[in-house]
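Down below is the structure, laid out as structure tokens.
Keep in mind it's a predicted model, so treat the numbers as computed, not measured.
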Amino acid sequence: MSKFTEAEKVLATGLNNKVVDAQLTAATNLEAPNFTPATGSPALNPDNAATPGAGFDTSARFVGAVGTTNWLAGWTAFPKN
């Protein structure tokens, strides 16, 4: 069994993965996180996304789970305990 090597599995140039700051609004706020990318975030640039394969939403215009609309608001709770 070999060890997981991040550089080989995630950061290898041939995989075309990008390591950038997504500039999320307040992702680390434990009581009221906001995962919406800030204006100018590379996550809002559809050119940063690879062409999706079969089974993926080809109409998505952002990278990640949240685009310009925070669909978590109103029904997701983040209690302290």
Side-chain angles (χ1 to χ4, degrees):
M1 179 187 294
S2 62
K3 291 172 49 177
F4 178 85
T5 306
E6 183 179 21
E8 291 175 7
K9 306 296 183 191
V10 179
L11 302 175
T13 305
L15 297 175
N16 295 322
N17 289 332
K18 297 179 183 182
V19 179
V20 297
D21 178 3
Q23 302 170 17
L24 303 181
T25 304
T28 59
N29 182 328
L30 298 179
E31 295 178 23
N34 184 344
F35 303 101
T36 305
T39 301
S41 165
L44 295 176
N45 181 350
D47 293 334
N48 284 329
T51 303
F56 286 92
D57 181 3
T58 58
S59 67
R61 304 313 306 156
F62 56 88
V63 180
V66 179
T68 55
T69 302
N70 184 3
W71 56 268
L72 298 168
W75 67 272
T76 305
F78 299 95
K80 288 184 181 181
N81 295 321

The reported gap from CG in Asn29 to CG in Asn34 (rounded to nearest 0.5 angstrom) is 9.0 Å
Is Phe78 linked to Val66 within one hydrophobic cluster, defined over Ile, Leu, Val, Met, Phe, Trp and Tyr using a side-chain heavy-atom separation of less than 4.5 Å?
yes
State, to 0.1 Å, how close Pro37 and Ala22 come at their nearest heavy-atom pair, and which atoms those are.
CB-O, 4.1 Å
Over all atoms of both residues, closest heavy-atom pair of Leu44 and Phe62
CD2-CB, 4.2 Å
Could you check whether any side-chain N or O of Thr25 sits under 3.5 Å from a backbone N or O of Thr36, counting only pairs where one atom can act as donor and the other as acceptor?
yes
Hey, is the main chain of Trp71 close enough, under 3.5 Å, to the side chain of Trp75 for a donor-acceptor pair?
yes
